[in-house]
Structures are given as C-alpha cells and as structure tokens.
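One structure is given below, encoded as structure tokens.
Just so you know, these numbers use all the heavy atoms, side chains as well, and skip hydrogens, waters and symmetry mates.
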Amino acid sequence: MTTGHKPRFGRRLLGIWAALVVASQIVVSLRTDPLPREGATLVSAAEQTATGERTGEEISIEVEQYGDPDAEIVILALHGAPSGGGDFARLAAALEERAGPDGVRVIAPVMPGYGASTADVTDYGIEAQARYAGAGLDHLAIERAHVFAHSLGGGTALVLAELAP
C-alpha cells in the first residue's frame with residue numbers, strides 16, 4: 001500500500017534545492033571583490049595548477065602578517081575550508097607573547113576563492129595551493145619557515161613539504 005506522500009515530498013525537496021542553487025548563483029554573480037582584511041596586503045602571483053603549469057594569468061593572493069617582520073622565527077599558517085583566512089590573529093598573539101624578545105612572524109596567505117584573493121582560478125586543489133603558498137614565501141624573500149596548518153591547509157602543507165623541503 002502506498003500513501004502517495006513520498007513523491008510529493010521528493011519533488012518539493014528537489015524544488016527547494018533548485019531554488020537554493022539559483023539563489024547562490026545570483027549571489028555569486030553579484031559579489032564585489034572584497035577588500036583585504038586590516039593589516040593584510042594583496043600579492044600578485046602567476047596562476048598555478050597542480051603540475052605547476054601556469055595559465056599566463058596573474059592573480060591576487062591576500063596575505064595576512066602578524067608579529068615582528070624581522071623575527072628569525074617565521075611561521076607559515078595555512079587555513080582550512082570553509083574558514084578562508086582571518087583565523088590566525090589569536091594564534092599569532094599567543095605566539096608573540098611566548099616568543100619574547102626573539103620575536104615571531106606569522107604569515108597567513110588566504111588561498112584563491114577566499115577573502116580578497118582572486119575568486120576564479122583554474123585549480124583550487126592542494127597542489128596548486130601549495131604552489132601559491134611557496135610563491136608567497138618567495139615574494140616575501142623567506143627561505144625557511146615552520147608550517148602550521150589545519151583542515152584543508154594540512155594537505156597543502158604536506159604537498160609544500162614535498163615541493164620545497
């Protein structure tokens with residue numbers, strides 16, 4: 001015996017899902033480029049792919065920096081998803097407090113698709129993100145850094161360790 005309720009419920013659920021997809025696409029199309037967070041800068045970088053091939057396009061990466069810019073201890077902090085940056089202010093403050101006179105510098109790139117970084121890139125994978133993180137360190141002339149990561153940033157950190165041990 002069938003009640004007839006399931007097909008109606010399924011169609012209604014499908015209709016709600018379709019309306020939400022349309023609404024999200026409208027919001028994305030109306031999005032204006034956000035400004036970098038306070039204290040962050042935009043760094044220009046070549047667009048990357050997992051294999052390192054460049055598309056010829058230039059993109060912007062938002063880079064947050066905390067602490068002493070001349071510190072010997074440099075920490076590259078890689079965010080996860082869906083947080084998208086802005087996660088490391090409290091961590092940086094705690095590290096600065098503990099580092100004392102030696103100081104610490106925390107560099108936190110905001111990956112493409114998040115924050116004020118370019119939203120539309122060819123490759124959002126961890127391999128491409130690792131190449132962006134490395135390009136950011138190169139841009140800042142940093143040869144060595146400790147890496148701290150969470151969530152999606154963990155995969156990026158592992159790939160970065162292979163690319164630039």
Side-chain angles (χ1 to χ4, degrees), residues 17-18 20-92 94-95 103-165:
W17 173 80
L20 289 172
V21 168
V22 169
S24 73
Q25 291 303 308
I26 290 170
V27 168
V28 167
S29 70
L30 296 175
R31 177 180 176 237
T32 58
D33 291 332
L35 296 172
R37 291 174 179 88
E38 186 177 332
T41 57
L42 286 179
V43 172
S44 190
E47 187 173 7
Q48 301 287 313
T49 66
T51 58
E53 296 170 4
R54 297 179 177 180
T55 64
E57 298 293 320
E58 286 287 313
I59 68 162
S60 296
I61 303 289
E62 181 179 3
V63 179
E64 300 171 316
Q65 294 191 61
Y66 307 95
D68 181 359
D70 298 321
E72 288 186 31
I73 300 171
V74 178
I75 298 173
L76 175 67
L78 301 172
H79 69 79
S83 62
D87 302 337
F88 298 111
R90 289 187 356 198
L91 172 67
L95 290 171
V104 66
R105 179 180 184 185
V106 177
I107 299 166
V110 179
M111 293 301 162
Y114 297 95
S117 295
T118 300
D120 188 23
V121 295
T122 304
D123 190 341
Y124 294 94
I126 60 175
E127 294 89 354
Q129 287 190 16
R131 293 180 187 286
Y132 288 126
L137 291 176
D138 290 345
H139 177 81
L140 297 169
I142 296 172
E143 294 181 19
R144 294 180 63 94
H146 301 275
V147 179
F148 174 86
H150 71 91
S151 185
L152 179 64
T156 301
L158 292 172
V159 173
L160 181 59
E162 283 184 16
L163 293 174

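- No more than 12 heavy atoms of other residues, nucleotides or ligands lie within 6.0 Å of CG in Asp120, so this atom counts as exposed by the packing criterion.
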Under the criterion side chain to side chain contact (heavy atoms under 4.5 Å, CB included), I'd like the reasoning laid out for Val147 against Leu78: C-alpha separation, chi angles, the key distance, then a yes or no.
CA-CA 8 Å; Val147 179; Leu78 301 172; 3.9 Å; yes
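- Asp68 is not listed as a side-chain neighbour of Val104, based on a closest heavy-atom distance of 4.5 Å or more.
- With hydrogens and angles ignored, the 3.5 Å screen pairs a side-chain donor or acceptor of Glu47 with a backbone N or O of Thr122.
- Among all heavy-atom pairs drawn from Ala46 and Tyr132, the shortest one is O-CE2, 3.6 Å.
- Note: Glu57 CD to Gln48 CD = 13.0 Å, rounded to the nearest 0.5 Å.
- Smallest separation of non-hydrogen atoms from Ala149 and Gly154: CB-N, 3.6 Å.
- The OG1 atom of Thr118 sits 5.0 Å away from atom CD1 of Ile59, with the distance rounded to the nearest 0.5 Å.
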Between Val74 and His146, does the side chain to side chain contact (heavy atoms under 4.5 Å, CB included) criterion hold? Intermediate values first, please.
CA-CA 6 Å; Val74 178; His146 301 275; over 6 Å; no
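- Thr51 places none of its side-chain heavy atoms less than 4.5 Å from the side chain of Glu127.
- The minimum heavy-atom distance between Gly103 and Ala71, with the atom names listed, is C-CB, 3.6 Å.
- The minimum heavy-atom distance linking Ile61 with Pro109 is given by the pair CG2-CB, 4.2 Å.
- To the nearest 0.5 Å, atom OG1 of residue Thr156 and atom CG of residue Leu163 are 10.5 Å apart.
- Here the side chains of Leu76 and Leu160 are in contact, with some heavy-atom distance below 4.5 Å.
- Ser117 and Glu62 are not linked by any side-chain donor-acceptor pair at a separation below 3.5 angstrom, with hydrogens and angles left out of the test.
- Between the side chain of His79 and the backbone N or O of His150, no donor-acceptor pair lies under 3.5 Å.
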Would Val110 and Val63 count as a side chain to side chain contact (heavy atoms under 4.5 Å, CB included) if you check the C-alpha gap in whole Å, the side-chain angles of each, and the deciding distance to 0.1 Å?
CA-CA 6 Å; Val110 179; Val63 179; over 6 Å; no
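- Residue Ile126 holds its CD1 atom at 7.0 Å from CG of Leu152, rounded to the nearest 0.5 Å.
- In this structure, CD in Glu64 is found 9.5 Å from OG1 in Thr41, a value given to the nearest 0.5 Å.
- The distance from the OH atom of Tyr66 to the CG atom of Leu91 is 9.5 Å, given to the nearest 0.5 Å.
- Enclosure of atom CD in Glu72 is not indicated, since only 12 or fewer non-hydrogen atoms of other residues, nucleotides or ligands lie within 6.0 angstrom.
- Taking each heavy atom of Thr49 and Arg131 in turn, the nearest pair found is O-CD, 3.3 Å.
- In terms of heavy atoms, Phe88 sits closest to Ala108 at CD1-CB, 3.7 Å.
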